[in-house]
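So that the names make sense, note that chain A is the first sequence line, chain B the second, and so on, each numbered from 1.
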Amino acid sequence: MKSQYKTEIFYNYIIVGVLLILTLSFLLPFIVVLSTSLISEAEWAERGGHVLYPKKISFVAYDILFGKSYVLFNAYQVTFLRVTLGTFCNLLFTTTLAYALAQRDLPYRIPLTFFVFFTMVFNGGLIPQFLLVDFLNLRNTIFALFVPTLINGWYFLIMRNFFMNIPKDLIDAAIIDGASPVRILISVVLPLSMPVMATIGLFYAVYHWNEWFYASIYITEGHLKPMQIILRGLLNQATMEGMENISFMEQPPPGASLRAALIIFSTVPILIVYPFIQRYFVKGIMIGGVKG
Amino acid sequence: MNNLIKIISISFMLAFSATAIKADGHDFTIFNNSGMLQFDGGGSDPEVLAKVTAHVTKLSGVTPKVIVPNMQDTTEQLNLLLAGSNPPDLFQANWDVYKSTLMPLNDLLAEHGDSLLRSIPETSWKYMTDADGNIMGIPRTAATSPYMTWVRQDILDQAGLDVPKTVEELTAYMAAAQKINPDFKAGTRAWSGNKWEEPAMGFAAAFTGAMSGNAAFIDPSDGRVKPVPLAPGIKDYLHFMNDWNNKGYWYPDNWSKFDESEVFRTCNLAMWSGWYSRVTIVVPKVESNCPGMKYVRAPIMGPQGWMATTRASGTQAYVINKKAKNPEAIMKYLNWMWNDKSIDGYATGVNGIEGEHWSYETKGFPAVVNTKDKNDTKYVGDFGLPNFPYEGNMQPNDSLWATHFNYLGSGLTKLDDSHQPIDLYMAWDKGRIADETPTLGDIHRMIAENFTAFYIGERSIDEYDAFLSELDDAGMQDWINAMTSQMQDSW
Amino acid sequence: MKKIWKYRFYYYLALPGLVYFIIFHYVPMAGALIAFKDISPFDGLQGFFDAPWVGLKHFERFTSSVYFYDVIENTLIISGLKILFGFPAPIIFALLLNEVLRMSLKRVMQTISYLPHFISWVVTAGMITALLATSGGLITETINDFTGSSINFLGNKDYFVGILVTSHVWKTIGWSSIIYLAAMSSIDPALYESARIDGANRLQMAWHITLPSIMFVIVIMFLLEIGNLLEAGFEQILLLYSPSVYKVADIIDTFVYREGLLALKYSFAAAVGLFKAVIAFFLLYTANRLANRLGQTGLW
């Protein structure tokens, strides 16, 4: 017994040790990005675009980012709306479809699932999608930002498989009680599926938060542009090779500091919100929620 | 709970749709991908923009509406917008590529474009004219010599040398530089597959007397247009590159990946051959870290001619969509912006309201202006349409821009110390070449890969003839035919 | 028919999603036909109908390229290696994290693990370029101190793919592990309790309880990887590659990208896209049959 206890502790240390090394490898580059966002132009000239710590903290990059505050505030509203409304609709449509097609005895289940799956492999490309959105008059509306990508095929499949994995006896009990499918979904399946709902919800939300390409082609009115477009407008990420328009107006490229600040600016809100979602899928916190 | 969510979302939707569509009283739309809004994609403050719009309307007589492009993928965005239901009326593009969507400008210019006809030289209009005599756009730029070699004045002084003028002197310079400090290197770029005249590929001009934007030279033996790898003397060029590689003169990451700003920052670039603005814009930014570092322009003459090549102005132009409903308004706007007697229009478009956002230091043509920082004025220049060399008439009263601006007048437009390409006055139809040479992509990759291998000694230059037959197998004759037929058509 | 009526509520639930797929996926799917035409994108919908049919011209252009086999081989090798190392890594990471007892430590490490996901490839490539710069790069200089030789990593055909795979795994391991952690959190703790009473050690518990319990997620995620076999990481490679390493790094997507720069080639890109899709479809079909045969729920 005692030797088993000792080996347990030994393995504990090994596991934690390995994890700590990995964690450090994840953290260090991020700290470099953070520090780089806090250096001044002069310090960049001296030390380069990747520093572990700022010798002298300078908020120049953030000033430039926030200097656009007149535009940024509005953009933040747009992004907020996109993330909340978009994620809500994503989850709504994905969950209902996934739950329906998770019923093993549903007639035509396999053809219907194949119907969805087929779209994950074959698609018409960017131009037809754009023309369709244009035709439906969705351009320059919030709907263009989440309706074309309403259901992600892979998230649908993951969710469906999670639903199929729920112990049958719990659902059968509800059916015997005479509950309708919607009731079962809401009162039995969803509470049991908080981990996958939280995870897929997180995936959708982060997608909406970071996504800029579709926003850039569907939104041309300035006051409807989400945050990422505004911020990326501040740094042309094409390499300097691409920037060869002969013009007196040619400006110096934005510093490494500005680019780093953009990353921090995009990541920090997620870091703040994350702990609230984390409790749904890190084991040990939700024990007890399982048994009805 | 569910009902609450429904109510909230519906009210969001209603509120949002209300703001979604605003009716604007504008005459035409501009998709401003001119480079003006390179880093200001966020746009101007809406209130300030409204004021400037009113001001522009007052001065020019027309009201434009500007679409600020997404600078990541401007071409993609432009193409999609053109395919959609409200395509932009005015934008910048290569007219030959977008020809099917454009309107000829001859009549418009005659009626409303008198200023433009006066201020833009005849030779520039030649590039804009198609085979039928239609002028398809207003020239965006002029012929320039943007690829040049620079060496370090401080190293020259230390070594007691004059500015090198020949390839031999350049090599001697590098040797002397490395004696002073073995970390001093020569920086340049591997061929990107795009612009042939750009160093390091462009160096071939010095050894072959042949180079152009489309890799073309005319073989005197059969009069056909061939790509530079076939030019006599090309092996001398490769030996030169390889020799420098063996002596350790090249910055080692020239042939893979490097960030120019980071490399200049190290103060170890004894020589730079490439796009001019690295020296005029990047170097001033890092000068504080490298005391004494000073670059001087060094046009090099090789055994067969100049090392640098003039870059033709090409077919880049401001073009008008054939679906535009108000083309006269557009022409009036451009005529006002590029007035040949006063820079009022241009300065207003770029900077904003005179008196509030900018002012004259010295009036005239050219004029010197004082401008306020864009972060203060909150107008990023939506209406501004740069046009080289016209824009050189608006000189900034700002020392930070001095280097860059002075170079535009003195170095960039100095064409007498660079090789004149055979296609300087010709507009290639690149689509046609690509159609007639289906394997063009393969050929490009083959050249890029093998030349790099030749430089670094991975492949022996003795195998060059074998390489040429590989190119033949890959379809090089199609390319020669395509180029020859096009050039002959243009004569 | 009676069964359909019995299950009608489920059909009601599924209807909105299915309508979405019809409108936004099947209707525009006709656009894939531009692979068989020569289109000019900005002529809009009318141009799409007017454009001439060219049959298999674009496909032939792709398959007859000197580098056709090269780019496919590179795509498969790079993608294969990324799956070989990058697929088990998040699972093992999740298993390790699962063993940590101190909740606060576990949460902090899990949060930090996904940070690389948020650092864009542009910045990551910038860091890699800086670390591996032949003169001055931190890693290069350190190796130089030990071995005396200066290696040009990003220009070296032997090292380049290794750099791609390592950076890819680093960037994705944390974020990818989330779904596995989510699956693990649903495991009934009573299973572990009874195993512990039976004298099982942690390795045995992980192998016999945890892993089988999340197998349904592993299968679907693996199928996703198989479906993406022909996506070898375009953005990452574009930012890091150069002619020196074309031989090992040029993949289908970079090849198509360069072709697109020479002339507007929407049709060509569509043709290659269709080509990739057909192959992906067969790969997935086969993989799914295999999964079903092994008793697992696959794609359908």
Of all heavy-atom pairs linking A/P128 and C/G31, the shortest is CG-CA, 3.4 Å
pair C/W175-A/L202: side-chain heavy atoms closer than 4.5 Å: yes
Given that the side chain runs from C-beta out, which part of C/L101 has a heavy atom under 4.5 Å from chain A: side chain, backbone, both or neither? side chain
For chain A, which candidate among C/Q110, C/K6, C/E99 shows the most heavy-atom pairs at distances under 4.5 Å? C/Q110
Heavy-atom pairs under 4.5 Å with chain C, option from A/A100, A/P275, A/G48 with the top count: A/A100
Mind running side-chain contact (heavy atoms from CB on, under 4.5 Å) on C/R202 and A/N12 for me, showing each step along the way? CA-CA 10 Å; C/R202 300 160 67 148; A/N12 262 337; 2.9 Å; yes
Between A/T94, A/T149, A/L126, A/I200, which residue shows the highest count of heavy-atom pairs closer than 4.5 Å to chain C? A/T149
Looking only at atom types and distance, does a side-chain atom of A/Q278 sit under 3.5 Å from a main-chain N or O of C/R107, one as donor and one as acceptor? yes
Can you name the closest pair of heavy atoms from C/L13 and A/Y99 and give their distance? CD1-CD2, 3.7 Å
Give, as side chain, backbone, both or neither, the part of C/Y20 having an atom under 4.5 angstrom from any heavy atom of chain A. side chain
Given that the side chain runs from C-beta out, which part of A/L92 has a heavy atom under 4.5 Å from chain C: side chain, backbone, both or neither? neither
Given a strict heavy-atom distance threshold of 4.5 Å, which part of A/F117 is in contact with chain C: side chain, backbone, both, or neither? side chain
Check whether more than 12 heavy atoms from other residues, nucleotides or ligands sit under 6.0 Å from atom CZ of A/F213, and answer yes or no. yes
Working to the nearest 0.5 angstrom, can you tell me the gap between A/N165 CG and C/M215 CE? 12.0 Å
At a heavy-atom separation under 4.5 Å, does C/V219 approach chain A through its side chain, its backbone, both, or neither? neither
Among A/L136, A/T119, A/N123, find the one that has a side-chain contact (heavy atoms from CB on, under 4.5 Å) with C/F24. A/L136
What option among A/L27, A/T113, A/I15, A/L150 has the most heavy-atom pairs under 4.5 Å with chain C? A/L150
List the steps, then state whether side-chain contact (heavy atoms from CB on, under 4.5 Å) holds for C/L274 with A/F122. CA-CA 7 Å; C/L274 195 54; A/F122 295 96; 4.0 Å; yes
Between C/S213 and chain A, which part of the residue has a heavy atom less than 4.5 Å away: side chain, backbone, both or neither? backbone
Would you say the side chain of C/Y11 lies within less than 4.5 Å of the side chain of A/P107, judging by non-hydrogen atoms? yes
Most contacts with chain C, counted as non-hydrogen pairs under 4.5 angstrom, among A/R160, A/M164, A/R109: A/R160
For chain A, the option from C/L33, C/L138, C/V123, C/V100 that forms the most heavy-atom pairs under 4.5 Å: C/V123
Verdict with reasoning, A/V33 to C/M127, per side-chain contact (heavy atoms from CB on, under 4.5 Å): CA-CA 9 Å; A/V33 172; C/M127 282 195 233; 3.4 Å; yes
Set out, in order, the CA-CA distance, both residues' side-chain angles and the distance that settles side-chain contact (heavy atoms from CB on, under 4.5 Å) for C/L18 and A/V116, then state yes or no. CA-CA 8 Å; C/L18 293 173; A/V116 172; 4.2 Å; yes
Side chain from CB out, backbone as N, CA, C, O: work out which of these in A/Q103 comes under 4.5 Å of a heavy atom of chain C, or both, or neither. side chain
Could you tell me the separation between the CD1 atom of A/I158 and the CG atom of C/L223, rounded to the nearest 0.5 Å? 11.0 Å
Can you confirm whether or not the ring centre of A/F26 sits under 6.0 Å from the ring centre of C/Y114? no
Can you label the angle between the A/F118 ring and the C/F281 ring as parallel, tilted or perpendicular, going by 30° and 60°? perpendicular
Nearest 0.5 Å please: distance from the CD1 atom of C/I179 over to the CH2 atom of A/W154. 13.0 Å
Report yes or no: does A/Y108 contribute a side-chain atom to a donor-acceptor pair with the main-chain N or O of C/I4 at less than 3.5 Å? no
Can you tell me which portion of A/L19 sits under 4.5 Å from chain C's heavy atoms? Options are side chain, backbone, both or neither. both
Nearest heavy-atom neighbours spanning A/I151 and C/G17: CD1-CA, 3.6 Å
Under a 4.5 Å heavy-atom cut-off, does chain A meet the side chain of C/A183, its backbone, both or neither? both
Distance from C/S185 atom OG to A/M194 atom CE, nearest 0.5 Å? 10.5 Å
Identify the two heavy atoms, one from A/V121 and one from C/A280, that lie closest to each other, and give their separation to 0.1 Å. CG1-CB, 4.1 Å
Do the non-hydrogen side-chain atoms of C/F118 and A/L271 ever get within less than 4.5 Å of each other? no
So OG1 of A/T96 and CG of C/L15: to nearest 0.5 Å the spacing works out to 9.5 Å
Enclosure of C/F282 CZ (heavy-atom neighbours >12, cutoff 6.0 Å): no
Counting only heavy atoms not in A/F265, do more than 12 sit closer than 6.0 Å to its CZ atom? yes
What part of A/V206 is in contact with chain C, defined as an atom under 4.5 angstrom from a non-hydrogen atom: side chain, backbone, both or neither? side chain
Quick one: what part of C/L97 sits under 4.5 Å from any heavy atom of chain A, side chain, backbone, both or neither? both
Going from CD1 on C/I220 to CZ on A/F162, what distance comes out if it is rounded to the nearest 0.5 angstrom? 10.5 Å
Given that the side chain runs from C-beta out, which part of C/L284 has a heavy atom under 4.5 Å from chain A: side chain, backbone, both or neither? side chain
With a 4.5 Å cut-off on heavy-atom pairs, point out which of A/Y11, A/F93, A/F156, A/F135 contacts chain C the most. A/F93
For chain C, which candidate among A/D134, A/L157, A/V196, A/V18 shows the most heavy-atom pairs at distances under 4.5 Å? A/L157
Select one option (side chain, backbone, both, neither) describing which atoms of A/I270 are under 4.5 Å from chain C's heavy atoms. both
Assess whether atom CZ of C/R102 is packed by more than 12 heavy atoms of other residues, nucleotides or ligands within 6.0 Å. no
Quick one, A/L97 and C/P16 - any side-chain contact, counting heavy atoms below 4.5 Å? no
Just wondering, do C/W170 and A/P29 contact through their side chains at under 4.5 Å, heavy atoms? yes
Given ring pair (Phe, Tyr, Trp, His ring centres under 6.0 Å), test A/F115 with C/Y26 step by step and report yes or no. CA-CA 10 Å; A/F115 180 79; C/Y26 279 95; 4.4 Å; yes
